[in-house]
Visitor: 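Handing you this structure, nothing more for now.
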Amino acid sequence: PFEGVAWTPRPPQGPAQDCFACIAKPPALRQASPVLSPSSAVYLMESKSCKGDSLRPAVPCKHSVEKKTMTNPTTVIEIYPDTTEVNDYYLWSIFNFVYLNFCCLGFIALAYSLKVRDKKLLNDLNGAVEDAKTARLFNITSSALATFCIILIFIFLRYPLTDY
């Protein structure tokens, strides 16, 4: 395709001294001139060749200096809000739902506990904290009212109203 183009092999420069970062990146191609002369055509053919073959001159690796100076590589860690500190009161809500479900307050507490778990998965810390407060309030109310009713039942069983 290129008539009049002559290949001029260069003498071998020895083994490639490049690091992995230099070899992995493809060489940047320069803009070719609109009119191709035989010397520019030879340059284009050489720029498409492999970096490790004998046609390319050995280029000193720019990463060799970095290897010597970089002793402690940095690691980037993304920090999300710590949602493990938000208590969802899930077990307490299940206990209230099964055993102390006074006027369905245990069921409402269980629903809010599940909402807390969902918001923790979505990293919505403010919403999880608000729903956790609501779940705790319903759990306390359900436990207190159910315990009060159980105590009243035991009192009335021990001392019936006919004794008064």
Side-chain angles (χ1 to χ4, degrees), residues 13-32 43-44 46-53 55-164:
Q13 301 278 332
Q17 299 294 326
D18 295 337
C19 68
F20 180 74
C22 292
I23 294 173
K25 294 179 183 176
L29 297 176
R30 294 184 185 164
Q31 286 285 341
Y43 173 74
L44 284 176
E46 286 181 0
S47 64
K48 292 182 182 178
S49 64
C50 179
K51 204 167 189 190
D53 63 3
L55 296 177
R56 293 237 168 215
V59 178
C61 177
K62 65 178 180 179
H63 296 99
S64 62
V65 177
E66 292 177 13
K67 288 179 187 175
K68 293 176 186 174
T69 59
M70 189 169 71
T71 57
N72 189 9
T74 58
T75 303
V76 177
I77 299 173
E78 294 183 15
I79 299 175
Y80 293 105
D82 190 18
T83 58
T84 58
E85 295 178 6
V86 179
N87 196 355
D88 56 3
Y89 306 107
Y90 186 67
L91 293 176
W92 190 13
S93 299
I94 288 178
F95 179 79
N96 282 338
F97 177 63
V98 173
Y99 296 110
L100 306 174
N101 198 8
F102 184 81
C103 294
C104 294
L105 291 176
F107 176 73
I108 296 170
L110 181 63
Y112 275 102
S113 296
L114 292 174
K115 284 177 67 174
V116 170
R117 286 195 168 193
D118 291 340
K119 289 184 179 182
K120 281 170 63 174
L121 286 176
L122 296 174
N123 288 326
D124 181 14
L125 189 61
N126 294 333
V129 168
E130 292 299 318
D131 287 341
K133 289 179 183 178
T134 308
R136 184 181 64 197
L137 177 71
F138 279 112
N139 277 323
I140 290 171
T141 307
S142 177
S143 298
L145 290 175
T147 305
F148 181 70
C149 287
I150 289 172
I151 291 172
L152 282 179
I153 289 172
F154 281 133
I155 289 174
F156 284 125
L157 286 177
R158 176 74 172 110
Y159 304 108
L161 288 177
T162 57
D163 291 343
Y164 295 109

Visitor: Check the pair Tyr112, Val116 against side-chain contact (heavy atoms from CB on, under 4.5 Å), reporting the backbone distance first and the verdict last.
Guide: CA-CA 6 Å; Tyr112 275 102; Val116 170; 5.5 Å; no
Visitor: Quick one: list whatever passes ring-ring contact (aromatic ring centres under 6.0 Å, His included) with Phe95, sequence neighbours left out.
Guide: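 If we apply the ring-ring contact (aromatic ring centres under 6.0 Å, His included) test to Phe95, skipping adjacent residues, the hits are Tyr99.
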Visitor: Can you label the angle between the Phe107 ring and the Phe97 ring as parallel, tilted or perpendicular, going by 30° and 60°?
Guide: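 If you compare the ring of Phe107 with that of Phe97, the planes turn out tilted.
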Visitor: Please report the interatomic distance CG(Leu110) to CG(Leu114), rounded to the nearest 0.5 Å.
Guide: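 Between Leu110 CG and Leu114 CG, I get 5.0 Å after rounding to 0.5 Å.
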Visitor: With Ser143, which residues qualify under side-chain hydrogen bond (donor to acceptor under 3.5 Å, both in side chains), at least two apart?
Guide: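 For Ser143, the residues satisfying side-chain hydrogen bond (donor to acceptor under 3.5 Å, both in side chains) (neighbours in sequence not counted) are Trp92, Asn96.
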Visitor: Work out which heavy atom in Asp131 is nearest to a heavy atom in Lys119; give both atom names and the distance.
Guide: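 Scanning both residues, the minimum pair turns out to be OD2-NZ, 2.9 Å.
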Visitor: What heavy-atom pair brings Pro160 and Leu157 nearest, and what distance separates the two atoms?
Guide: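 For Pro160 and Leu157, the tightest heavy-atom pair comes out as CD-O, 4.2 Å.
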Visitor: Give me the atom names and distance for the closest heavy-atom approach of Ala109 to Phe138.
Guide: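 Looking at all heavy atoms of both residues, the shortest contact is CB-CB, 3.7 Å.
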Visitor: What pairs with Ser93 under side-chain hydrogen bond (donor to acceptor under 3.5 Å, both in side chains), at least two apart in sequence or on another chain?
Guide: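 Partners of Ser93 under the side-chain hydrogen bond (donor to acceptor under 3.5 Å, both in side chains) test: Ser113, Asn139.
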Visitor: With Asp88, which residues qualify under side-chain hydrogen bond (donor to acceptor under 3.5 Å, both in side chains), at least two apart?
Guide: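 Per chain and number, Asp88 pairs via side-chain hydrogen bond (donor to acceptor under 3.5 Å, both in side chains) with Arg117.
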Visitor: So, applying side-chain contact (heavy atoms from CB on, under 4.5 Å) with Leu100, which one of Ile150, Leu105, Leu145 is it?
Guide: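 It is Ile150; the other options fail the test.
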Visitor: Once salt bridge (charged side-chain N to carboxylate O under 4.0 Å, His left out) is applied, what residue pairs with a partner in residues 93-106 remain, sequence neighbours excluded?
Guide: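 Counting only pairs at least two positions apart or across chains, no salt bridge (charged side-chain N to carboxylate O under 4.0 Å, His left out) contact touches residues 93-106.
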Visitor: For Phe148, which residues count as a ring-ring contact (aromatic ring centres under 6.0 Å, His included) partner, sequence neighbours excluded?
Guide: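 Testing Phe148 for ring-ring contact (aromatic ring centres under 6.0 Å, His included), a comparison that skips the adjacent residues, returns none.
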